Amino acid sequence: VNEVRQMDADLFASLDVAIPAQLIARLKLHQELDMSKQRLMGNRTQRRYALAASIAVAFFVGGFLFSNQLNFERQVREDYQKLLAGVVEHMNEVPITPVWEVERANRTANTLLASYDDALQLNRLENLQFTRICPMGQYRGLHGTLQTDDGQITFAYIKGESVGELLDVSYQGYLTRVKPVRGGNLIILSRNMKSLDQADRDLRQAMYWDI
């Protein structure tokens, strides 16, 4: 029993080893460095995640805006095409239009425009030949003709949402101009640019409500 007790005492004494102060300091320093490194790596990881999230948000927002812009541009193109298709379709169905006396043509035009809006009136057009409300594709609009130095042109005023800006295009053999005016759109169709430009000038002077 005494030998066992002595052995336990010897083992306990062997475990009681004095650790030098320098060693303790170095261990603490290494521990602090490890903790600092972990915090730094954690911050870097967080920054990487934050940067990745910001880039993802930027791509999402950019993609959303780009998609909306494409949809808007597609809608604008569709609006122009629908307007032109409606007017040209009507012209092809009614290839011949009568030529009225100037007074009748102007009086009828203002009567028809007033049915849209009391403020919509044309100043007198000496070369106005014909005006009538006609079906034009999915629309109903004022259909008219003007005589220019370079031939007759057809124009249409269609009430509704304005397309936004003037556009000249060639469409089904016609030179066409679509432009926003008060309360809707003005569509001019001609076979040559000179008559198109003259008709535009004449109508712009007559339409004092032009926007």
Side-chain angles (χ1 to χ4, degrees), residues 72-211:
F72 173 74
E73 290 177 355
R74 186 179 301 112
Q75 182 61 47
V76 168
R77 288 196 299 270
E78 289 176 355
D79 289 345
Y80 281 111
Q81 187 166 351
K82 286 178 182 177
L83 287 166
L84 288 171
V87 177
V88 173
E89 176 185 334
H90 174 66
M91 287 183 61
N92 291 336
E93 290 176 355
V94 188
I96 299 176
T97 56
V99 174
W100 289 350
E101 185 266 332
V102 174
E103 292 298 333
R104 179 187 177 188
N106 279 273
R107 184 173 61 252
T108 303
N110 281 322
T111 301
L112 296 174
L113 286 171
S115 69
Y116 283 137
D117 185 337
D118 291 340
L120 302 183
Q121 294 290 293
L122 281 174
N123 290 331
R124 180 184 172 85
L125 279 163
E126 295 294 340
N127 55 347
L128 185 62
Q129 295 181 322
F130 169 78
T131 52
R132 180 179 292 167
I133 297 292
C134 300
M136 300 181 184
Q138 67 186 60
Y139 310 99
R140 286 182 63 83
L142 177 69
H143 172 198
T145 58
L146 286 175
Q147 183 62 38
T148 72
D149 295 337
D150 294 282
Q152 188 186 68
I153 66 93
T154 295
F155 70 92
Y157 169 70
I158 296 179
K159 186 176 175 62
E161 191 71 23
S162 297
V163 289
E165 62 182 17
L166 183 148
L167 178 69
D168 285 353
V169 294
S170 175
Y171 188 82
Q172 294 191 15
Y174 293 97
L175 293 177
T176 71
R177 179 166 295 169
V178 182
K179 59 184 299 187
V181 294
R182 174 176 170 176
N185 298 286
L186 177 67
I187 300 96
I188 307 172
L189 297 93
S190 176
R191 294 295 185 182
N192 61 79
M193 186 56 71
K194 286 185 178 180
S195 60
L196 183 70
D197 288 337
Q198 182 185 338
D200 192 6
R201 288 193 301 271
D202 293 343
L203 289 167
R204 188 165 58 247
Q205 291 173 2
M207 292 180 174
Y208 56 88
W209 40 269
D210 186 0
I211 62 170

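Heavy-atom basis, side chains included; hydrogens, waters and symmetry copies ignored. Keep in mind that what you see is a predicted model, and the values were worked out from it rather than measured. We number each residue from 1, following the sequence as shown.
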For [Y], is there any backbone N or O sitting under 3.5 Å from a side-chain donor or acceptor partner on [X]?
| X | Y | value |
| --- | --- | --- |
| T176 | L189 | no |
| N106 | L128 | no |
| D202 | N127 | no |

Identify the heavy atoms of [X] and [Y] that sit nearest to each other, and give their distance.
| X | Y | answer |
| --- | --- | --- |
| T148 | S195 | OG1-CB, 3.2 Å |
| I188 | A199 | CG2-CB, 4.2 Å |
| P180 | S162 | CB-CB, 3.8 Å |
| L196 | S190 | N-OG, 3.8 Å |

[atom1]/[X] to [atom2]/[Y] distance, rounded to the nearest 0.5 angstrom?
| X | Y | atom1 | atom2 | value |
| --- | --- | --- | --- | --- |
| Q198 | D150 | CD | CG | 7.0 Å |
| Q147 | L125 | CD | CG | 13.0 Å |
| M207 | F155 | CE | CZ | 6.0 Å |
| R107 | W100 | CZ | CH2 | 9.5 Å |
| L122 | L203 | CG | CG | 7.5 Å |
| E161 | L83 | CD | CG | 11.0 Å |

| Option from V178, V181, I187 for which side chain to side chain contact (heavy atoms under 4.5 Å, CB included) with I158 holds |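 For I158, the side chain to side chain contact (heavy atoms under 4.5 Å, CB included) test succeeds with only one of V178, V181, I187, which is I187.
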| Quick one: which of T97, V99, V102 gives a side chain to side chain contact (heavy atoms under 4.5 Å, CB included) with Q129? |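 For Q129, the side chain to side chain contact (heavy atoms under 4.5 Å, CB included) check succeeds only for V99.
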Show every donor-acceptor pair shorter than 3.5 Å between a side-chain atom in residues 167-175 and any protein atom, with sequence neighbours excluded, or say none if there are none.
from, atom 1, to, atom 2, distance (Å)
D168, OD1, R177, NE, 2.7
D168, OD2, R177, NE, 3.3
D168, OD2, R177, NH2, 2.8
Y174, OH, R191, NH2, 3.4

Listed pairs under 3.5 Å, donor-acceptor, residues 133-146 side chains, sequence neighbours left out:
from, atom 1, to, atom 2, distance (Å)
H143, ND1, H90, NE2, 3.1

| task | Applying side chain to side chain contact (heavy atoms under 4.5 Å, CB included), run through E165 and Y80 and close with a yes or a no. | result | CA-CA 10 Å; E165 62 182 17; Y80 281 111; 3.6 Å; yes
| query | Would one find more than 12 heavy atoms of other residues, nucleotides or ligands at under 6.0 Å from atom CD of E101? | reply |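 Yes, because the 6.0 Å sphere around CD of E101 holds more than 12 heavy atoms from other groups.
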| message | Is it the case that atom CD in E126 sees more than 12 heavy atoms from other parts of the structure closer than 6.0 Å? | response |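 Atom CD in E126 is packed in, count exceeds 12.
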| request: Please list, chain by chain and in numerical order, all residues satisfying salt bridge (charged side-chain N to carboxylate O under 4.0 Å, His left out) with R201, sequence neighbours excluded. | output: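 R201 satisfies salt bridge (charged side-chain N to carboxylate O under 4.0 Å, His left out) with no residue once adjacent residues are dropped.
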